[in-house]
Amino acid sequence: MMHEKTLVILCGPTAVGKTKSAIALAQHFKSVIISADSRQFYKELVIGTAAPTPDELAQAKHYLTGHLSIHDYYNVSMYESDALQIINNEFKHRNLVIAAGGSGLYLDVLCHGIDNLPDVNFSLRKELAGKLQENGLTWLQEEVKKYDPAYYAETDINNHKRLLRALEIIHITGKRYSDLRVRELQPRPFKIIKTGLFREREILFNRIEKRTDQMLAQGLEKECRALYPCRHLNALNTVGYKEMFHYFDGTYNLDQAIEKIKVNTRRYAKRQLTWFKRDAAITWFHPDDTEKIITHIRKTDSE
RNA sequence: GGUACCAUAGCUCAGUAGGUAGAGCAACGGACUGAAAAUCCGUGUGUCCCUGGUUCGAUUCCGGGUGGUACCA
């Protein structure tokens, strides 16, 4: 199917160099960048998320970065509609848009949509979380087993977040989560070209180490201190912040907190790689090979 | 220089009354549908410092090296 409109995906693990490459592509194609980094959405999280700098923001139009407050509720479905609306608008006067980021789920939903499941009911979530607290994981497992044995059989039964979400949906809809989660791929009215950035692991890990030290030098501690009162917010359950909060608590000393940030960032990068690796549609490039990425996009786009 | 103690996984250490070894952390692999930088699952990766001796068999016992730590000079 021929589309005259194209969405270019640029994904990859944290610290691989996505921001820089995305800007280079945006400048070359005279295009814009839609962020797909679930923590760069929050305007309060700047240093710790390695958000694009004012200088970088000036080099290309960026969407969906710093557009939320940590106090806002947001989820992947809201991201899907926000991003699609922007893409739709941009396609009125250009043929190519770039979506760049490291949040695999968000990119997948942008490309293929997500099942029409009910939104979170906060009072229900609170109620169920309270029961979980009171009765333990076994209770939650038994509930899911009782109302949706199919889901219980196939899911990670130690993952309380998954079980809680499934139980929520069962309560809200009166239906089984496994019947509603059909994973239907939604067609998009534009072409999608998926590119990924890759570096040798040792080099990637060195970059993480160096970038963490830079964050500290740029004032990560101060940024975290200001956010410390809000530490319970989901947006702050984030690498780089939660470890500093433990330092403020006295659980870690500063050196331990820094080491933990490095370890957890490496693990995050590994989880991202696991996610992206299984997507055979991604073509991989070294971040320095901007010309190759451009050639690939031009070639694929004209096919 | 002398005496004592130590040397086992990437790190900190346990252990084997002689039958080639296991914890924590780190590391590695994986899952993933409205919390996703979240959450969860799985995996020991080893010249037991070197070298002789005793023994059917030594990481373990004995001797000698080497390295480290502490104390005494």
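Quick caveat, the model's predicted, so the values are computed rather than measured. The sequence lines fix the lettering, A, B, ..., with proteins before strands; numbering per chain opens at 1.
Here B/A31 presents its P atom at 12 Å from CG of A/Asp108, a figure rounded to the nearest Å. For the pair A/Leu132 CG and B/A35 P, the computed distance is 15 Å after rounding to whole Å. Note: CG (A/Leu204) to P (B/C28) measures 11 Å, nearest angstrom. Between A/Asn159 atom CG and B/C41 atom P the separation is 8 Å, expressed in whole Å. Between A/Asn158 atom CG and B/G42 atom C1' there is a gap of 12 Å when expressed in whole angstrom units. Between A/Met78 atom CE and B/A35 atom C1' there is a gap of 13 Å when expressed in whole angstrom units. Here the P atom of nucleotide B/A26 and the CD1 atom of A/Ile261 are 15 Å apart, to the nearest Å. Following rounding to the nearest Å, A/Asp255 (CG) and B/C25 (P) show an atom-to-atom distance of 21 Å.
Taking atom C1' on both nucleotides, B/U45 is separated from B/G24 by 16 Å, rounded to a whole Å. On the C1' atoms, B/G64 is 38 Å away from B/A27, given to the nearest whole Å. Comparing the same atom, C1', in B/C11 and in B/G46 gives a spacing of 14 Å after rounding to whole Å. B/U16 and B/C6 are spaced 14 Å apart, taking the P atom of each and rounding to whole Å. Here the separation of B/G30 from B/C48, taken at their C1' atoms, is 32 Å to the nearest Å. Distance noted for atom C1' between B/A26 and B/A9: 11 Å (whole Å). Across the C1' atoms, B/U59 and B/A17 are found 15 Å apart, a figure rounded to whole Å. Comparing the C1' positions of B/C50 and B/U66 gives an interatomic distance of 7 Å, to the nearest angstrom.
Across all strands, A/Tyr241 comes closer than 4.0 Å to no nucleic acid atom at all (heavy-atom distances). Nucleic acid contact for A/Tyr42: none, since no nucleic acid atom lies under 4.0 Å from a heavy atom of the residue. Across all strands shown, A/Asn237 has heavy atoms under 4.0 Å from sugar-phosphate atoms exclusively, and none from any base. At a threshold of 4.0 angstrom between heavy atoms, the contacts of A/Arg125 include nucleobase atoms, whether or not backbone atoms are also involved. At the heavy-atom level, A/Tyr106 lies under 4.0 Å from the strands shown only through sugar-phosphate atoms. Base contact: A/Asp156 has a heavy atom under 4.0 Å from a base atom. Heavy atoms of A/Thr265 sit nowhere under 4.0 angstrom from any nucleic acid atom. When heavy atoms are screened at a 4.0 angstrom cut-off, A/Gln40 is found touching base atoms of the nucleic acid. As judged by a 4.0 angstrom heavy-atom cut-off over every strand, A/Gly240 is placed among residues making no nucleic acid contact. Nucleic acid contact for A/Leu164: base, since at least one base atom lies under 4.0 Å from a heavy atom of the residue. A/Thr14 comes within contact range of no nucleotide atom at all, as no heavy-atom separation falls under 4.0 Å. If you check every strand for non-hydrogen atoms under 4.0 Å, A/Phe205 touches sugar and phosphate atoms only. In this structure, A/Lys277 reaches the sugar-phosphate backbone alone: every heavy-atom distance under 4.0 Å involves primed, P, OP1 or OP2 atoms, never a base. Residue contacts for A/Lys242: at a heavy-atom cut-off of 4.0 Å it reaches the sugar-phosphate backbone alone, with no base atom in range.
Listed nucleotides: B/G30, B/A35, B/A36. Nearest to the side chain of A/Trp275: B/A36. For A/Asn234, counting side-chain heavy atoms from C-beta on, the closest listed nucleotide (B/C40, B/A27, B/A35) is B/A35. Side-chain atoms of A/Arg162 lie closest to B/U39 of the nucleotides B/G30, B/G34, B/U39. For A/Arg267, taking side-chain heavy atoms from C-beta onward, the closest of the listed nucleotides B/A35, B/A26, B/C28 is B/A26.
Take the nearest nucleotide of RNA chain B for A/Gly113 and for A/Arg211: the residue whose nucleotide is more 5' is A/Gly113. Heavy-atom distances to RNA chain B give each of A/Val239 and A/Tyr177 a nearest nucleotide, and the one nearer the 5′ end belongs to A/Tyr177.
Using a 90° window around 0 for the glycosidic torsion, B/G63 falls outside it and is classed as anti.
Taking a cutoff of 4.0 Å between a charged side-chain nitrogen and a carboxylate oxygen, A/Lys262 and A/Asp213 qualify as a salt bridge. Between A/Lys131 and A/Glu134 there is no salt bridge, since none of the side-chain N atoms of the basic residue sits less than 4.0 Å from a carboxylate O of the acidic one. Using a 4.0 Å cut-off between a side-chain N of Lys or Arg and a carboxylate O of Asp or Glu, A/Glu259 and A/Arg266 qualify as a salt bridge.
No side-chain donor-acceptor contact under 3.5 Å links A/Ser103 and A/Arg39. With hydrogens and angles left out, the side-chain atoms of A/Glu168 and A/Asn121 include no donor and acceptor closer than 3.5 Å.
The phosphate of B/A26 has OP1 or OP2 within less than 4.0 Å of a side-chain N or O from A/Lys260. An OP1 or OP2 oxygen of B/G29 is reached within less than 4.0 angstrom by a side-chain nitrogen or oxygen of A/Lys270. For the OP1/OP2 pair of B/G30 and a distance below 4.0 Å, the side-chain nitrogens and oxygens of A/Thr274 include at least one atom meeting the criterion. Distances shown here put a side-chain N or O of A/Tyr73 below 4.0 Å from the OP1 or OP2 atom of B/A35. Between A/Arg271 and the phosphate of B/A36, there is no side-chain N or O to OP1/OP2 separation shorter than 4.0 Å.
Base-pair partner of B/A58: not found among the strands shown (Watson-Crick or G-U wobble, both distances under 3.5 Å). Under the Watson-Crick and G-U wobble criteria, each requiring two contacts below 3.5 Å, nucleotide B/G29 is paired to B/C41. In this structure, B/G67 and B/C6 make a Watson-Crick or G-U wobble pair, each of the two defining distances being under 3.5 angstrom. Under the Watson-Crick and G-U wobble criteria, each requiring two contacts below 3.5 Å, nucleotide B/C48 is left unpaired. When both distances must be under 3.5 Å, the Watson-Crick or G-U wobble mate of B/A17 does not exist.
Centroid-to-centroid, the aromatic rings of A/His296 and A/Phe285 come within less than 6.0 Å.
Between the side chain of A/Glu56 and the main chain of A/Thr19, no donor-acceptor pair closer than 3.5 Å is present. When atom types are taken as modelled, the side chain of A/Glu44 and the backbone of A/Ile70 share a donor-acceptor pair closer than 3.5 angstrom.
Under the 6.0 Å distance and 45° angle rule, A/Arg181 counts as a cation-pi partner of A/Tyr177.
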